[in-house]
Every structure is written in C-alpha cells, then in structure tokens.
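Below, read A as the first sequence line, B as the second, and so on, with proteins coming before strands; counting in each chain starts at 1.
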There are 2 protein chains.
Amino acid sequence: MSNTISINIKSSCASCGLRDLCLPVGLNSNEIEILGNLVNHKRAVKRGKYLHRTGTSFQSLYAVRRGFFKTFILEKDGRQQVTGFHMTGELIGLDAISAEIYTCDAVALEDSEVCEVPFSKLEEISRVIPSLMKHFHKIMSGEIVKDHEVMMLLGSMKAEERLITFLLNLSGRFSKRGYSSVDFVLRMTREEIGNYLGLKLETVSRAFSKLQEESIISVNNKHIHIHDMDRLKNKVDV
Amino acid sequence: MSNTISINIKSSCASCGLRDLCLPVGLNSNEIEILGNLVNHKRAVKRGKYLHRTGTSFQSLYAVRRGFFKTFILEKDGRQQVTGFHMTGELIGLDAISAEIYTCDAVALEDSEVCEVPFSKLEEISRVIPSLMKHFHKIMSGEIVKDHEVMMLLGSMKAEERLITFLLNLSGRFSKRGYSSVDFVLRMTREEIGNYLGLKLETVSRAFSKLQEESIISVNNKHIHIHDMDRLKNKVDV
DNA sequence: CGTACGTTTGACTCTGTTCAATTGCCGTGG
DNA sequence: CCACGGCAATTGAACAGAGTCAAACGTACG
C-alpha cells in the first residue's frame with residue numbers, strides 16, 4: 001500500500017491540487033477533511049454542454065476542477081451578455097443563492113470537470129468551521145469587486161484598453177495556476193470575448209491585429225504570446 | 001471620525017421601519033433583538049461627505065437608514081466609475097469583505113444616516129442564527145445578480161435603453177419603499193447618471209429630452225414624472 | 001440676491017458598428 | 001492521405017451613435 005497511488009474517494013479536497021485556490025483556502029487538515037466529505041460528487045461536462053441553465057432550481061455551487069467555462073445571461077429579445085469566464089478553482093453559481101434559481105447559463109468551453117458543492121450543506125458546516133464561513137464570504141465579496149472592475153472596463157475604457165485589460169487578467173490567472181503568463185491559448189471565440197467586453201467581434205479582431213502590428217503580442221488564432229508585457233501594461237497604465 | 005454622531009438605543013432594528021428591506025428580513029422577534037443589540041451605532045453623513053474611502057481598513061458594513069449614497073471606484077489615471085446608488089435598507093461595504101479594505105468611495109448625495117454593522121460580530125451571530133446567515137448570503141448573491149444586470153446594460157444597450165432601464169430600476173425601488181413609482185426626484189446629477197451608465201452627461205440630457213418630446217415622461221431638472229409607464233417599458237421590452 | 005454649478009442644445013468629430021468579401025483552420029469522411 | 005465543408009477570423013469601406021467642444025440658459029445654495 002505504501003507506494004500505491006491512492007485514488008481520492010473519501011476526502012477529495014485534501015488531495016486536490018487546487019487546494020490553495022478553491023474553497024479550502026485557510027482551512028486546517030481536519031477541516032478540509034470535513035469539507036471533502038461534503039464535496040464528494042464530481043461531474044464531467046463536455047465542451048459545448050451546459051453545466052446549468054437559467055431558471056432551474058439551485059441546489060449546488062460548482063468548483064471548476066478542470067477545464068474552462070463561460071456564464072452568460074439573456075435578455076427577452078435574445079441579446080446575451082457574457083458575465084464571466086471561469087477557470088480551475090473558481091466557483092460557479094454564486095448568483096443563484098439569492099433567488100434559489102440559477103440566473104445565468106454556464107457552458108463548458110472545453111471538456112471540463114466540476115466538483116458539486118451542495119449549498120445548504122456548505123452553509124451548515126460553515127456554522128461550525130468559522131474559517132470556512134469567512135473564506136466563503138471573501139469569495140462572494142471578491143466576486144462583487146471583480147464585477148465592479150468589469151463595470152469600470154465597460155463604462156469608461158476604449159476598445160483597445162478593454163482587450164488589454166482582459167489579456168492581463170487572463171495572464172495573471174494563468175500565472176497563479178502555474179502556467180505561463182505570456183503564452184497561452186484562448187478558450188473562447190472573438191465573439192465571446194467581444195460580448196464580454198461590450199464590443200463586436202470585428203473590433204476585437206482589429207485590436208488584436210493592432211497590438212500585433214506594434215510587436216507587443218503575437219496572435220495565432222487562439223494562441224497568444226505576449227512579447228512586451230511592460231508596453232502592454234503601460235497602455236492601460238497599470 | 002469627527003463628524004460622527006452616535007446614538008445608543010436598545011434594539012434599534014426591532015423598531016425600525018426598514019425591517020422588511022434590510023438585514024432583519026426573515027428573522028423572528030427574538031433574533032431581531034439580538035441583531036439590534038449588535039447594530040446599535042448610528043452615524044449621520046451630511047450631503048457631500050464620505051461614508052468611507054477607498055483603501056481604509058474595513059470593520060463594518062453600513063445599512064442606509066435615511067438618505068441616498070453613491071459608491072464609485074477610481075483608476076490610477078483619475079477616471080472614475082460609479083458602481084452603485086444606494087437607498088434606504090440597502091447595505092454598503094460588501095465589496096470590502098474580500099480584502100478587508102474598502103475598494104470604493106461612498107458619498108452621501110443628500111443628508112443621510114446609516115446603521116453601522118460590525119462585520120466580525122455579524123459573522124459571529126450568524127453562526128447561531130441560521131436564518132440571518134441565509135439572508136446575508138442572499139443579499140450578497142443579489143448584489144452579484146444586480147452587477148450582472150449592469151454588465152448587460154453597459155455591454156449591449158444603447159444610450160436610451162440604458163437610461164430607461166435606470167429609470168425603471170429607480171421607480172421599482174422607490175415603489176418598494178412606499179413612494180410613488182411614477183413621480184420622484186433624482187438625487188444625482190446628469191454626470192453621475194452618465195458615469196454609472198457609461199455615457200456622457202450630454203447624452204443623458206439628450207435622452208431625457210427625447211423621452212419628454214415623446215410625452216412619455218416629463219423632466220423638470222431633477223424631478224421626473226413618468227406619464228406612460230407601458231410605453232416606457234415597451235422601449236426596452238420588459 | 002448673486003454667483004457658481006448643473007443642464008440643455010447645437011455643430012462637428014471620431015470610435016466602433018455594420019455589411020460584405022476573403023482567408024484560414026480543423027474535423028470528417030471518402 | 002487529401003478533399004471538402006463549415007465555422008472562425010481578418011480586413012476593408014461606408015455609416016451611425018455617442019463623444020467633444022462650445023455657448024447659453026436655469027436654479028438653487030450660500
């Protein structure tokens with residue numbers, strides 16, 4: 001048994017590589033054990049499939065274990081707005097707590113896997129694990145802060161600034177997960193980027209081309225390479 | 001703070017008219033009593049004064065008891081983005097939980113009064129009052145949903161639609177508080193509206209004038225009267 | 001009661017959209 | 001393996017909506 005690779009059945013969180021990004025942040029090993037017992041159901045979501053849809057009854061949050069998601073809301077007239085892109089360790093479904101119904105659609109942009117977190121149980125155990133409650137509140141609050149940043153982006157930035165801000169945001173999140181901050185593959189289309197940024201896909205494409213012209217980045221379809229991070233940042237004075 | 005006036009009344013929440021809008025929603029009288037003992041510090045904020053500023057250390061949430069606030073964030077280059085307008089019964093400061101620092105400035109747009117809610121104490125008692133915890137989570141989640149709606153507005157609506165959506169939103173909130181839904185006074189300037197909606201003040205003014213042309217509303221400076229709610233709603237197909 | 005600020009309106013400019021044509025890429029099936 | 005079809009991305013040209021600049025007016029606040 002000693003040199004056997006153990007397959008995590010019991011406490012999935014304890015052995016998960018995303019421990020430092022996800023819900024267990026700040027918990028001791030005993031507490032992680034308790035949380036792990038609650039989060040014991042995984043679910044695979046193929047590229048293009050829905051994790052959940054608007055209007056369905058809310059039971060669980062989902063933590064992205066592997067893959068990439070987008071969430072979006074719909075107007076009556078069919079217009080849609082991408083509200084976020086979600087990568088490993090991030091929680092999906094926080095919007096649904098309020099009315100106990102999902103308020104957006106969540107779609108996998110590549111073959112993905114999520115951990116299901118039954119929300120009422122999470123609330124229960126967070127009563128006895130204060131640090132879990134605290135961390136959960138911070139996650140929700142962080143979501144609000146993130147949304148305010150998007151409001152700033154949509155409300156007062158020009159096309160190029162929006163795209164750069166978006167790239168820098170992705171870059172930072174990849175880096176935090178151990179991937180390159182200057183070399184990555186976009187999982188979403190130009191249209192999805194544009195929708196998120198309040199721009200048309202052609203405008204996104206033109207902005208990419210311009211940054212490439214200036215040799216700040218190279219764009220090969222979905223593959224992005226950032227050559228000059230400083231100049232990129234200077235353009236949005238970060 | 002020097003311009004703070006604190007008053008101590010036993011269980012302020014129990015006797016507060018905002019009981020059904022604010023934190024105490026869904027609590028029994030005993031629980032309201034406990035909450036009221038925690039929320040015993042009121043603070044007056046004169047028009048134009050700051051309730052809190054970006055970067056200062058977070059201790060408390062604030063519930064608006066009387067008056068009207070705006071919150072906004074600042075870019076390095078001085079650009080600002082209004083992130084919300086807040087009326088009676090609404091909580092200010094949810095953004096600050098995440099980094100334990102306020103991420104925005106909050107300014108009173110008229111002489112106002114807030115109830116201070118020490119956050120760590122709120123977390124403590126919410127451990128023993130599950131319905132308080134549940135309601136607090138719903139408030140935070142509702143904030144996220146609201147922000148997503150603003151993202152939709154900023155990302156895919158035209159100037160007139162944005163303004164109408166804004167008016168309908170205010171109208172509904174006034175109505176919920178027992179005020180007229182068709183006749184109200186704006187507390188903010190055209191510039192503040194524009195900033196919130198991602199428009200210039202001139203564009204806001206023109207959109208108001210156009211709606212008045214069409215006899216859908218009348219605008220007398222800050223005083224708005226909605227003559228034809230149906231036509232107003234039809235323009236954004238709600 | 002006067003002044004400073006907020007608002008309205010007009011004329012012009014510019015950024016991003018729309019429409020359209022073309023190219024590039026990738027998976028499927030012959 | 002290559003050819004095909006369909007989707008995604010790029011690029012150009014014309015257009016429209018909102019921004020900018022400027023002037024005049026109204027009001028409410030001290």
Side-chain angles (χ1 to χ4, degrees), chain A residues 46-48 68 70 79-82 107 109-111 153-167 185-214 217-225 235-236, chain B residues 46-49 68 70 79-82 107-111 153-167 185-214 217-225 235-236:
Chain A
K46 283 260 173 246
R47 179 198 157 106
F68 206 90
K70 74 164 175 181
R79 271 181 297 190
Q80 69 179 63
Q81 175 68 39
V82 172
V107 173
L109 297 183
E110 60 181 15
D111 291 356
L153 179 147
L154 292 170
S156 59
M157 289 189 188
K158 296 196 182 274
E160 186 182 58
E161 295 177 294
R162 295 187 196 188
L163 187 66
I164 293 173
T165 304
F166 174 70
L167 287 177
V185 173
L186 301 173
R187 261 67 208 226
M188 68 297 279
T189 66
R190 301 288 188 268
E191 181 161 33
E192 288 164 333
I193 297 173
N195 186 298
Y196 181 61
L197 299 178
L199 301 169
K200 291 294 156 181
L201 68 95
E202 294 94 331
T203 307
V204 173
S205 179
R206 280 183 240 272
F208 270 135
S209 301
K210 180 158 172 275
L211 290 172
Q212 189 165 230
E213 282 290 293
E214 299 171 314
I217 65 173
S218 344
V219 185
N220 262 27
N221 213 23
K222 293 225 158 62
H223 182 228
I224 303 289
H225 186 96
K235 286 200 163 226
V236 288
Chain B
K46 284 259 173 244
R47 178 197 158 107
K49 297 289 182 197
F68 206 91
K70 74 164 175 181
R79 270 181 297 191
Q80 69 178 64
Q81 175 67 38
V82 173
V107 174
L109 297 184
E110 60 181 16
D111 291 356
L153 179 148
L154 292 170
S156 59
M157 290 188 188
K158 296 197 181 271
E160 187 182 59
E161 296 178 294
R162 297 188 196 188
L163 187 67
I164 293 173
T165 305
F166 174 70
L167 287 177
V185 173
L186 301 173
R187 260 67 209 223
M188 67 297 279
T189 67
R190 300 290 188 266
E191 180 161 33
E192 287 164 333
I193 297 173
N195 186 299
Y196 181 61
L197 299 178
L199 302 169
K200 292 293 157 183
L201 69 96
E202 294 94 330
T203 307
V204 172
S205 179
R206 280 184 241 272
F208 270 136
S209 300
K210 181 159 170 275
L211 290 172
Q212 188 164 228
E213 283 289 294
E214 300 171 314
I217 66 173
S218 356
V219 185
N220 261 27
N221 214 23
K222 293 225 159 61
H223 181 226
I224 303 290
H225 186 95
K235 286 200 164 225
V236 288

May I have the list of side-chain donor-acceptor pairs in residues 196-203 of chain B shorter than 3.5 Å, sequence neighbours left out?
none

Any protein N or O atoms within reach of nucleotides 10-17 of chain C? Criterion: under 3.5 Å, listing atom names and distances.
from: C:dG10; atom 1: N7; to: B:Arg206; atom 2: NH1; distance (Å): 3.0
from: C:dG10; atom 1: O6; to: B:Arg206; atom 2: NH2; distance (Å): 3.2
from: C:dA11; atom 1: N6; to: B:Arg206; atom 2: NH2; distance (Å): 3.4
from: C:dG16; atom 1: OP1; to: A:Ala159; atom 2: N; distance (Å): 2.7
from: C:dT17; atom 1: OP1; to: A:Lys200; atom 2: N; distance (Å): 3.4
from: C:dT17; atom 1: OP2; to: A:Lys200; atom 2: N; distance (Å): 3.3
from: C:dT17; atom 1: OP2; to: A:Thr203; atom 2: OG1; distance (Å): 2.2

Without decimals, in angstroms, what is the distance between [X] [atom1] and [N] [atom2]?
X        : N      : atom1 : atom2 : answer
A:Glu110 : C:dC26 : CD    : C1'   : 17 Å
B:Lys210 : C:dT8  : NZ    : P     : 16 Å
B:Glu191 : C:dT7  : CD    : P     : 9 Å
B:Met188 : C:dT7  : CE    : P     : 11 Å
B:Leu186 : C:dT8  : CG    : P     : 10 Å
A:Ile193 : D:dA8  : CD1   : C1'   : 12 Å
B:Glu192 : C:dT7  : CD    : C1'   : 14 Å
B:His223 : C:dT7  : NE2   : C1'   : 17 Å

*Please say which of B:Lys70, B:Lys46, B:Arg47, B:Arg187 ends up in a salt bridge (Lys or Arg N to Asp or Glu O under 4.0 Å) with B:Glu110.*
B:Arg187
Close side-chain approach of [X] to [Y], heavy-atom, < 4.5 Å:
X        : Y        : answer
A:Glu160 : A:Lys235 : yes
A:Arg162 : A:Leu154 : yes
A:Leu211 : A:Glu214 : yes
A:Ile224 : A:Val185 : no
B:Phe208 : B:Ile193 : yes

*Would you say a side-chain N or O of A:Arg190 is under 4.0 Å from OP1 or OP2 of D:dA9?*
yes
*asked:* Taking only side-chain N and O atoms of A:Ser209, does any of them lie within less than 4.0 angstrom of OP1 or OP2 on D:dT11?
replied: yes
_Distance (rounded to the nearest 0.5 Å) between A:Ile217 CD1 and A:Leu163 CG_ = 7.0 Å
For nucleotides 25-30 of chain D, tabulate all protein N/O to nucleotide N/O atom pairs closer than 3.5 Å, reporting atom names and distance.
from: D:dA28; atom 1: OP1; to: B:Asn221; atom 2: ND2; distance (Å): 3.0

